[in-house]
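First up is the structure itself, then whatever we jot down about it.
Naming convention: chains lettered A, B, ... in sequence-line order (proteins, then strands); numbering from 1 in each chain.
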Protein chains: 4
Amino acid sequence: MKASRWASREVDVTGSGRRKRADGQESQRRILDAAAEIAGERGYDGTSISAVSKRCGLPASSIYWHFTDKDELIAAVIERSFETWLAAVQLPDEQAGDPAERAAAMSVGVAKALLETPDFLRLGLLLTLERRPTEPTARTRFLQVREVARDRVQAALDALAPGLPEASARRLTTYALAGADGLFIAHQIHGDDVDLLEMFALHARLLTDAIARESADGAGSVP
Amino acid sequence: MKASRWASREVDVTGSGRRKRADGQESQRRILDAAAEIAGERGYDGTSISAVSKRCGLPASSIYWHFTDKDELIAAVIERSFETWLAAVQLPDEQAGDPAERAAAMSVGVAKALLETPDFLRLGLLLTLERRPTEPTARTRFLQVREVARDRVQAALDALAPGLPEASARRLTTYALAGADGLFIAHQIHGDDVDLLEMFALHARLLTDAIARESADGAGSVP
Amino acid sequence: MKASRWASREVDVTGSGRRKRADGQESQRRILDAAAEIAGERGYDGTSISAVSKRCGLPASSIYWHFTDKDELIAAVIERSFETWLAAVQLPDEQAGDPAERAAAMSVGVAKALLETPDFLRLGLLLTLERRPTEPTARTRFLQVREVARDRVQAALDALAPGLPEASARRLTTYALAGADGLFIAHQIHGDDVDLLEMFALHARLLTDAIARESADGAGSVP
Amino acid sequence: MKASRWASREVDVTGSGRRKRADGQESQRRILDAAAEIAGERGYDGTSISAVSKRCGLPASSIYWHFTDKDELIAAVIERSFETWLAAVQLPDEQAGDPAERAAAMSVGVAKALLETPDFLRLGLLLTLERRPTEPTARTRFLQVREVARDRVQAALDALAPGLPEASARRLTTYALAGADGLFIAHQIHGDDVDLLEMFALHARLLTDAIARESADGAGSVP
DNA sequence: AATGAATGAGGATTCATTCAT
DNA sequence: AATGAATGAATCCTCATTCAT
């Protein structure tokens with residue numbers, strides 16, 4: 001920290017001059033905060049340990065005390081970001097309202113969480129789209145987490161329309177997630193020109209209609 | 001790269017026996033091919049000039065003869081990829097069928113093009129999601145191109161439902177593009193477990209229904 | 001010259017769109033002009049062929065048609081710069097005025113030439129101070145040219161004070177040149193805050209006095 | 001640099017058997033030593049980080065641990081060289097001798113320091129003469145240091161001739177520094193064929209005479 | 001629990017130069 | 001007489017990682 005005369009490196013970001021005699025958890029948190037911001041903006045390759053070090057104020061070597069390597073660091077970022085994001089999602093009361101209303105409420109809950117903590121999905125999508133020679137642990141982790149989300153959506157869908165054929169359910173679940181991803185991206189591009197809550201509500205409505213029809217059809221094959 | 005001057009280093013991509021005959025356009029094409037593949041897989045930061053050099057068989061310094069820097073190279077990749085992609089999109093006959101059928105045909109045309117040349121949208125989305133300190137020219141270019149696509153979709157939508165209020169049209173256009181992006185991503189994740197053509201057809205159907213309803217409503221505000 | 005779509009290189013500096021069907025001397029002149037400017041500002045290492053190419057509007061390979069390599073190019077620059085500079089020096093009429101006046105006139109003549117074409121001495125001094133592993137031809141050339149100048153100054157000095165002992169003459173000649181170099185540098189640093197003509201006149205006066213004294217002394221050893 | 005980790009690569013400059021014990025200050029010193037030698041010989045552009053790395057035995061990346069970039073490294077070189085040089089200058093006793101003797105003693109003191117540590121002024125003059133598009137910090141630093149030296153010379157001059165008009169004082173100070181620069185260059189060219197101490201003594205004498213005359217004149221305008 | 005220092009590999013880019021046309 | 005294209009070596013600098021303290 002005692003930057004030499006010619007090369008200034010980390011800065012005392014906290015403002016507290018007194019070196020805290022090692023608070024592992026606090027340091028880890030600062031590292032993850034920094035890494036989450038950067039990785040959410042730049043993806044895997046764009047996230048350098050030295051950039052994280054600069055942003056969190058700890059030397060690069062300290063990052064390696066807490067995480068074995070970059071791969072694990074970014075995996076940890078995804079995990080913690082997911083938890084944060086999940087905490088932000090407020091699911092509607094299972095009992096309340098009719099099914100369609102519940103679906104809309106769920107949808108809007110997700111949208112709100114995305115507005116509050118967008119880094120999670122941004123990084124997740126970046127990891128998903130990138131094809132590195134050795135797949136990062138973080139990517140695998142994100143896809144696992146996404147699979148869990150997928151299962152929940154499908155469960156909600158089954159609750160909404162118990163008679164829906166398996167194939168239809170899978171298709172509509174895929175469509176539900178795809179809409180969420182796509183609308184999130186639209187919001188990334190156009191900022192608040194795209195009203196994410198409104199768009200998610202529209203998405204929920206179209207989905208509800210589709211469920212209704214495919215339920216009635218019985219078959220649900222798309223000609 | 002330590003190979004002597006006459007040892008064959010690069011792969012004879014062209015199949016034509018004559019090599020080293022200094023054909024600028026051909027070299028440029030090889031560079032763009034290589035860069036498109038890599039950038040489509042790895043994004044901006046993940047695309048290293050030396051990787052492009054290795055894949056196209058020309059030394060890194062030769063790449064700089066054809067493109068002033070990495071930024072311009074990737075911008076050129078986006079431009080050419082877009083042209084290729086656009087050529088792959090087969091738009092339906094303007095006269096044929098009823099409006100809903102035409103919408104479905106358009107949608108499937110886009111899906112087919114995405115299956116044929118997925119690199120374009122993959123790179124585009126990577127560039128869109130990444131937030132580099134200095135915005136790459138390629139990102140700007142992609143967003144411009146996307147805006148053109150957006151205008152076309154909106155025009156098609158207006159043709160389909162002339163009475164649609166402006167706000168509805170904008171919202172549905174956003175939804176149309178978002179669905180395309182999201183379904184593309186789903187296909188990236190699940191491969192052929194997701195039938196992209198079927199999903200795009202579903203997307204077109206839901207959109208057509210939504211248009212019909214919002215047209216009838218007159219207002220179309222989502223409560 | 002037909003810059004490709006992605007990499008813009010040389011510019012049509014002359015403004016004449018029509019490619020002149022090869023005018024060797026004219027091209028050579030343009031190259032030397034460009035090289036002189038750049039080398040006068042940046043020294044040997046700082047002068048890159050591509051910078052010269054950019055400034056003169058001819059491709060790098062054309063420079064190699066006129067000059068075998070960078071070393072020869074810079075040597076040619078020194079030679080031509082010297083000629084230009086020499087032409088700018090107006091030596092006083094050998095007959096006119098008393099010796100001291102003639103000395104002053106010579107001095108001012110040199111100063112004026114330095115103000116008009118400063119690149120010559122700037123490059124010369126840069127080459128002189130630099131110690132490259134393989135001595136550039138240009139440096140040798142400059143030192144030769146300087147030796148000629150030295151001889152002329154010493155001759156003028158002998159004419160001024162025929163009885164001056166050899167050692168004194170050498171010493172004062174060295175001093176005369178050193179003053180010129182040093183004042184030139186002062187002018188480089190302070191710009192027109194240093195009145196070069198005035199300073200050269202002062203230099204001439206001090207020298208004349210010194211000559212007078214050392215002539216009288218006979219010995220001229222500095223204790 | 002392909003040598004295995006334990007093969008001795010660098011020269012044991014310190015003489016102390018223990019190596020690799022990570023001593024920051026010592027490494028910094030070795031880097032500065034190497035950089036000073038090279039920059040003193042080759043100027044800014046001619047000083048490559050890899051050359052410095054080779055000469056000091058540390059890998060190039062280690063240089064970047066100690067200095068943020070080449071610009072700062074060379075600025076540090078100038079600063080340290082100046083300190084070394086200043087320590088080498090032995091100024092005469094303020095009380096001793098008559099003013100003219102003191103002036104001569106000062107002059108010779110400077111000359112001796114230049115003979116001992118010529119790298120400082122050599123690099124300084126190279127930086128002064130070079131005109132890079134972005135001015136190196138080192139150049140600015142050198143000119144600042146030079147301004148300080150200028151002030152001291154002018155103070156000494158005022159002490160020597162209190163009644164001297166301001167304009168004369170400035171002119172003679174410029175002349176004093178110019179002579180030093182020029183004679184230093186002469187010594188660089190001719191080596192020990194030019195007796196630097198003798199030349200500086202001569203310079204001091206001419207200056208003293210000039211001061212005397214301009215003092216007497218009162219005005220000191222050079223016609 | 002942390003960090004200053006070091007390190008080899010690789011990043012983008014520029015270099016001087018060559019050569020076929 | 002000139003030039004488009006190519007090329008290997010070198011440029012500055014950042015990378016992920018290690019290790020002794």
Separation of [N] [atom2] from [X] [atom1] (nearest whole Å):
X      : N       : atom1 : atom2 : value
I63(B) : dG8(F)  : CD1   : P     : 13 Å
D23(D) : dA5(E)  : CG    : P     : 8 Å
I31(A) : dA1(E)  : CD1   : P     : 12 Å
F67(D) : dT14(F) : CZ    : P     : 15 Å
L58(C) : dG4(F)  : CG    : C1'   : 13 Å
E72(A) : dA16(F) : CD    : C1'   : 15 Å

Nucleotide by nucleotide, nucleotides 10-17 of chain E touches protein heavy atoms under 4.0 Å in the pattern (B base, S sugar-phosphate only, - none) -SSBBSSB
Going through the distances and angles, do I31(B) and Q28(B) end up as a side-chain contact (heavy atoms from CB on, under 4.5 Å)?
CA-CA 5 Å; I31(B) 294 167; Q28(B) 197 149 317; 5.6 Å; no
What pairs with E135(C) under side chain to side chain contact (heavy atoms under 4.5 Å, CB included), at least two apart in sequence or on another chain?
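Here the qualifying residues are R139(C), T140(C).
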By side chain to side chain contact (heavy atoms under 4.5 Å, CB included), which residues pair with D33(C), not counting sequence neighbours?
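D33(C): side chain to side chain contact (heavy atoms under 4.5 Å, CB included) contacts with R29(C), R80(C).
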Can you run down the salt bridge (charged side-chain N to carboxylate O under 4.0 Å, His left out) pairs that involve residues 39-53 of chain B, sequence neighbours left out, and say none if there aren't any?
R42(A)-D45(B), D45(A)-R42(B), E41(B)-R55(B), D45(B)-R132(B)
For DNA chain E, the dot-bracket notation using Watson-Crick and G-U wobble pairs below 3.5 Å, [ ] for pseudoknot-type crossings and | for other-strand pairs, is .||||||||||||||||||||
With side-chain contact (heavy atoms from CB on, under 4.5 Å) as the criterion, how do Y44(A) and L126(A) come out once you've worked through the C-alpha distance, each side chain's angles and the decisive distance to 0.1 Å?
CA-CA 8 Å; Y44(A) 194 95; L126(A) 280 171; over 6 Å; no
Any H66(D) side-chain N or O less than 4.0 Å from OP1/OP2 of dG4(E):
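So the side chain of H66(D) is outside the cut-off, no N or O lying under 4.0 Å from OP1 or OP2 of dG4(E).
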Report the C-alpha distance between D71(A) and T137(A) in whole Å, list the side-chain angles of each, state the deciding distance to 0.1 Å, and finish with yes or no for side-chain hydrogen bond (donor to acceptor under 3.5 Å, both in side chains).
CA-CA 6 Å; D71(A) 192 56; T137(A) 310; 2.3 Å; yes
Can you name the side chain to side chain donor-acceptor pair (under 3.5 Å) partners of S50(D), sequence neighbours left out?
none
For the backbone of L58(C) and the side chain of S62(C), can you confirm whether one donor and one acceptor N or O come within less than 3.5 Å of each other?
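Side chain of S62(C) to backbone of L58(C): no pair is present.
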side-chain contact (heavy atoms from CB on, under 4.5 Å) for F142(A) and I74(A)? Distances and angles first, verdict last.
CA-CA 11 Å; F142(A) 174 73; I74(A) 300 201; over 6 Å; no
Between the side-chain atoms of W65(A) and the base atoms of dA2(E), is any donor-acceptor pair under 3.5 Å?
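Flag set: donor-acceptor pair detected.
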